[in-house]
Every structure is written in structure tokens, then in C-alpha cells.
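Take a look at the structure below.
These numbers come from a predicted model, not from an experiment.
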Amino acid sequence: MKASSQARLGDIFSYLFMAVMLIFFAWPLIWLLSLALRTRKEIYLGVARLIPHDPTLENFQAILSSSQFAGYLINALKLSCLSAVGCLIVALPAAYAFSRFEIRAKGAWLMGLLSFQMISPLVIMIPLYRYMASIQMTESHFGVTMVYIALAVPTATWILKGFIDGIPDSLDEAAMIDGCSRFGVFWRIVLPLSTPGIASVFIITVIAGWSQFLVPFLLITKDNLMPIGVGIFQYAGTQNDSSLQVLAAACLVSVVPAIIAFLSLQRLILSAMTAGAVKG
Amino acid sequence: MKPLADTPRLAVDTTNASAKAGNRPAAWLMPLILVLGVFYLYPVLDVFRFAFSDITLLGKGEQVTIETLIRTLTRPELAEILWVTLIFTGSSVIGQQVLGLAVALVVVRGEKRGLLGTNLLRTTALIAWVVPGVAGGIVWKMLMNGAPFGGLNSVLRLFGAAPVQWLSDPDIVMWSVVIANIWRGTAFSMVVMYAALKAIDPVLYEAADVDGANSWQRFVHVTLPQLRAAIMVNLILITIQTLNTFDAVISLTGGGPGRATEVLSLYTFNTVFRNYDLAAGAVLSLLMLVISMSLALFYTKFLPKEARK
């Protein structure tokens, strides 16, 4: 009897805490949506018009029909997808090797790989900016993609190694007895079986690429090459209170693709990440 | 006769060689080593070289000197920058860790007792986490608009409170930036804490129940000690993430007003790309590296022994 009333009290506190947290996490996004649906007049009415009396899609129309913004979005999509593919090409063989081969001081190599994450992108961008400027690799999507790949590859390798570890070694051996080469094993057995891992690494890298700011901010100054992260930053710098609704719409447009990509594979991505974090 | 005999042997040799290469890890690791070597190791070595020179982003002539090192580390504003960085990083990390653990506990409890909205809370937190840093900064800037119609001030007005200058009052702005950063970062800690909570052996709780422990005692004597390794790993990761945070600050406050929110990463950026002082920027990035590494080492000291591998 006492235990159950205590549990009920606990439930009430849980609900209270959950409500406060839900408001904290959701409020900025609700506000963003609310602003994006308002007309210019209603911007100045604050929370009284949380649900606009006169909702409009004009702001989205303005954003999506401008070739400038469409360009930002396409550039961001291109850069993040290309870098995700490139990242897989680099990380998959390495993950396979770390999982299957006997490598001297393997633990140290893997820890070393992890420690790359301690290095801020800002640190490496300082010299990289100079090199890339000297070989005319700035203002190029290729150069930016290569840097994205380098930034994403340590985590990707780590996650993929975890997935390949889960594929029984005996499959490799059986195939090799049947005359399959190492590469054949990798290509025909390990890759198809690690599809969930590949999918989550792909999405994680796409989201990371979509969110990138520093690298393209430094390497790209031409408006028609900019990805959305830089585009929206520059755009926000030119706006004032009277055009908040358009900025809100632009911001929402830049955020939604990342959210959709994440929600599409939420469980898979989370399990891939926590496996890494808990082991790490 | 001879050429005929030679050709097949040559072919056999190459297949052998390629098969051998396939069995050696080096071939498989080569792309990774190349990418990391070119884009990480070489630049980092160069940062060391720059730090001991007087190089600028514009000029060419460069000399080996330790003068830059001394000059940069004794800049009068550096103490202020480091203080700002400490407050920003420390508060964000504590906030994210505590909130992340609290939300994870509630989510685990909610799942066990079938409370409504558990999934909604988790997903909402995760959505905040996926929002790109720049966009997050812009969103919070709109929310923290100092005018009476801002997203927070108009709520305050409902309760009859005066508008707060979230981003222009130097005494408040740091907390505004910290709140925005906690908003974005908490979900990561929540995910790590959730996985760690799920991994605790239920037998431990049963034993605690047998001993008549109340829920607070169970939390302090079972949950927290079992989470120790996960908390330490999480602290390392979020401390480094926060130290390197740059995009969310530049789009929210740009470091201002004055230098009130100019964290070390932003200061380094400004030194290199606004003042073109490459050598000083290199010194500052070394400082960032040293801080990250010493913090990581410091945290590993607290890792339980078996997890230290």
C-alpha cells in the first residue's frame, strides 16, 4: 500500500519534470515555427500570436523560390552526401582490418584514432587554409569534401569496426576455404551483412556534413558555392527585426532536412553511437 | 619458347602479390592513414612550426622565434578569454551532464511504468541535438530578442515581468549562451546515460531492496557507482565538444557584447582570420590542444581500473 502511493508520488514528480523539460527542448522550435508562419505585422505581437491569426506560407515561398537559397540547399546536400560516400570508402576497409587482422598494438591505434576527435577542426583549418589557398583548392567543393571526410573518418571507422566485430569470423573462414580472396570476403560477405552499420554511418556523416560551418566558411566565399550553414549565417547578418519571419522560415528550411535524416534511422543511429561511446 | 613460358609465370606472380597485399592490414589501412596524415597529422605538425615563428596569413618572410609564444601567452586579454571559456565550458558541461542524467533516469522510469510522453520527450531532446550549430544560434537569438515581443520576453510579460536584455547585458549574456548550449548538447549525455543505465545489472537493485534501501539510497549507492565509467567518458567527450564550440557562439552573440562571450575557439579564429596573425593563432590552437589533452588525462584518472583499457 505504502509502496504504491510512493510510486504514484514518483510518477507525479516524473510528469512534472518531463513537462518542464519538454517545454525547454520544444519551445525554441515551436517559436521558430510560429515566427515562420506569421505575417510581418504579427511579429511584433510576441507570444500573443503564438498561433498566428493570419498564418501564411509566404515566407517559405520567398525562401524556396529564391535561386540563392535553393543553391545553398543543393550545395549542402551535395557536399554532405559526397563526403558520406567518401568517408565510407576510407573507413570500411580500415574497420575491416581493425576487426579481422592481427595488428601490433591494435589498442593503441584505436585509441589514437579516437584521440583525433580531441583536435578542434579550427586547429587543422589554420594550416589547411594556407595549403589549399596555395594550390587553388579554395572555392572548390572537392577540397571541402576532402576535409569533411577527414573530420568524419575517425568516428566512422570506430563505429563500423563495432559492427564488423559482430559478424562471426567463421563466415570469413568458410568463404576463404571455398577459395574466396580476402577482398571477396569483404565485398561479398562482410559488406552486405553490415548494411545497418553502413546506413547509420552514412546518415551520421550526412548530418555532420549538413551542420558543418567552419570548414566551408573559411574555404568558400563565392555565394553560388556556399552550403546552407554558411549561407544562412551570412543571410542572418543582413537581416533585422522587420524580416524575422523570413529568417525564421529560412532557418526552419535549413534545420528540417537534418531532423528528417535523423528520425529516419533514429534507433539504429543511437545504438551505433552508444556502442562506440560506452566502449570508448 | 621462352617468352611463352615467361608470360604465364608473370601473371601468376602478380595475382600472388595482390593476394598477399590483401592479407596484409597495411593495404586496408592505407586510405585511412593517407587521409588522416594529410588532413590531420601534417597540419598539426605545421601548427607547432607556426607557433615558433612569426608567420602571418598575408606575408611570406618567416623566422624561427619563440617571441610569438611569449607575446601571445602574455596578451592582457588572454586571462579574460580563458575565464570566459572556463565559465562557458564548466557550466555547459555540468548542466548537460546533470540534465542528461536526470532526463535519462526519468525516461527509464517512464518506460518501466508506462508513463505517457516518455518517447516524445526523448525525441524532442534529440531533435534539438540534430539542429546545426549555426541554426541553433540563430534560433536562440530570435528567442532571446531583447525587445518586448521576443520569444522569452513576451512570455515574461504574461507574468508581468520586465523584459530581460538576454544578449546585450554583459552580466546575463554568458548564461544565455550557456542555456542555448545546454539545450543543444543535453541529448548526447542523455543517450550515453540511458545506455549505461540499461546496462546496470537488475540483481544489484534487488539486493538493495532486500537491504531495505529507499530510492535515494539506491541512486547513491547503486546507480551512481555503476555509472561512474560512463559519466567519466561522457565528461571527456562533452568537455571537448564544448571547448571546440564555435559556430553556435558566433551566430548567437559573435563573442559580444565586448568580450563577454568570446571563448578561446572564437578568439583563436579572430586572431587568425580577422587579424591575419597566423603565428599567434597557432600558439592559441596549441593552447586549446594542451587544455583538451590535460582535461582528458585528468578525467581518465577517475576511471575505474577495469574500464581504463
For residues 115-136 of chain B, dump all side-chain donor-acceptor pairs below 3.5 Å to protein atoms at least two apart in sequence or in another chain.
from, atom 1, to, atom 2, distance (Å)
B:Thr118, OG1, B:Leu115, O, 2.9
B:Thr123, OG1, B:Asn119, O, 2.9
B:Thr124, OG1, B:Leu120, O, 2.5

* For the candidates A:Phe213, A:Phe217, A:Trp210, which exhibits the highest count of non-hydrogen atom pairs separated by less than 4.5 Å from chain B? -> A:Phe213
* To do: Please flag which part of B:Ala199 lies under 4.5 Å from any non-hydrogen atom of chain A: side chain, backbone, both or neither.
  => neither
* Asked: For A:Ser14, is it the side chain, the backbone, both or neither that has a heavy atom under 4.5 Å from a heavy atom of chain B?
  -> both
* chain B contact via A:Ala258 - which portion, at a heavy-atom distance below 4.5 Å -> both
* Asked: Measuring heavy-atom distances to chain A, does B:Met288 have an atom under 4.5 Å in its side chain, in its backbone, in both, or in neither?
  -> side chain
* Asked: For A:Leu113, is it the side chain, the backbone, both, or neither that has a heavy atom closer than 4.5 Å to a heavy atom of chain B?
  -> side chain
* Measure the shortest side-chain to side-chain distance between A:Phe233 and B:Asp247 over non-hydrogen atoms and say whether it is less than 4.5 angstrom. => no
* Main-chain N/O of A:Val153 paired with A:Thr157 side-chain donor or acceptor, under 3.5 Å -> yes
Could you list the donor-acceptor pairs under 3.5 angstrom formed by side chains in residues 233-245 of chain B, with sequence neighbours left out?
from, atom 1, to, atom 2, distance (Å)
B:Asn234, ND2, B:Gln97, OE1, 2.7
B:Asn234, ND2, B:Ser189, OG, 3.2
B:Thr239, OG1, B:Leu235, O, 2.5
B:Thr239, OG1, B:Tyr299, OH, 3.1
B:Thr242, OG1, B:Ile238, O, 2.6
B:Asn244, ND2, B:Ile240, O, 3.4
B:Thr245, OG1, B:Gln241, O, 2.9
B:Thr245, OG1, B:Thr242, O, 3.2

* Describe, in one word, how the ring planes of A:Tyr131 and B:Tyr42 are oriented to each other, choosing from parallel (under 30°), tilted (30 to 60°) and perpendicular (over 60°). => parallel
* To do: Find out whether A:Pro227 and A:Tyr72 are in side-chain contact, i.e. whether some heavy atom of one side chain is under 4.5 Å from a heavy atom of the other.
  => no
* To do: Pick one of side chain, backbone, both or neither for B:Trp183, based on which atoms fall under 4.5 Å of a heavy atom in chain A.
  => both
* Asked: When the ring planes of B:Phe269 and B:Phe273 are compared, do they come out parallel, tilted or perpendicular, using 30° and 60° as the limits?
  -> tilted
* Heavy-atom distance under 4.5 Å to chain B: side chain of A:Ile119, backbone, both or neither? -> both
* Most heavy-atom pairs under 4.5 angstrom with chain A, which of B:Gly151, B:Ser292, B:Ser285, B:Ala282? -> B:Gly151
* Between B:Phe246 and chain A, which part of the residue has a heavy atom less than 4.5 Å away: side chain, backbone, both or neither? -> side chain
* Identify which of B:Ile33, B:Val47, B:Val38 forms the greatest number of heavy-atom pairs closer than 4.5 Å to chain A. => B:Val47
* Less than 4.0 Å between a side-chain N and a carboxylate O, is that true for A:Arg8 and A:Asp11? -> no
* Asked: Should the ring pair B:Phe219 and B:Trp216 be called parallel, tilted or perpendicular, given that the plane angle runs from 0 to 90° and is split at 30 and 60?
  -> tilted
* Return the option, out of A:Leu263, A:Leu218, A:Ile232, with the maximum number of heavy-atom pairs under 4.5 Å with chain B. => A:Leu218
* Measuring heavy-atom distances to chain B, does A:Gln212 have an atom under 4.5 Å in its side chain, in its backbone, in both, or in neither? -> neither
* Interface moiety of A:Ala133 toward chain B, non-hydrogen atoms closer than 4.5 Å -> neither
* Structure fact -> Of the listed A:Met125, A:Met146, A:Glu102, A:Arg100, the one with the largest count of heavy-atom pairs under 4.5 Å with chain B is A:Met146
* **Under 4.5 Å from a heavy atom of chain B, the part of A:Phe17 involved** => side chain
* Using non-hydrogen atoms and a 4.5 Å limit, figure out which bit of B:Leu295 sits close to chain A: side chain, backbone, both or neither. => neither
* What part of A:Ile124 gets closer than 4.5 Å to chain B, counting heavy atoms only: side chain, backbone, both or neither? -> both
* Is the CH2 atom of A:Trp109 crowded by more than 12 outside heavy atoms at less than 6.0 Å? -> no
* Asked: Hey, does A:Val147 have a side-chain heavy atom less than 4.5 Å from the side chain of A:Met132?
  -> yes
* Structure fact -> Cut-off 4.5 Å, heavy atoms of chain B, and the answer for A:Ile207 is side chain
* Asked: So which part of B:Met30 gets closer than 4.5 Å to some heavy atom of chain A, the side chain, the backbone, both or neither?
  -> neither
* Structure fact -> So, the part of B:Ile250 with a heavy atom under 4.5 Å from chain A: the answer is both
* Which atoms of B:Tyr194 come close to chain A, meaning under 4.5 Å heavy atom to heavy atom: side chain ones, backbone ones, both, or neither? -> neither
* To do: Check each atom of A:Leu244 against the heavy atoms of chain B and say whether the ones under 4.5 Å are side chain, backbone, both or neither.
  => both
* A:Leu92 and A:Tyr96, any side-chain heavy atoms less than 4.5 Å apart -> no
* Part of A:Leu35 lying under 4.5 Å from any heavy atom of chain B -> side chain
* **Side-chain touch A:Phe13/A:Leu9, heavy atoms, less than 4.5 angstrom** => yes
* **Side-chain touch A:Arg130/B:Phe50, heavy atoms, less than 4.5 angstrom** => yes
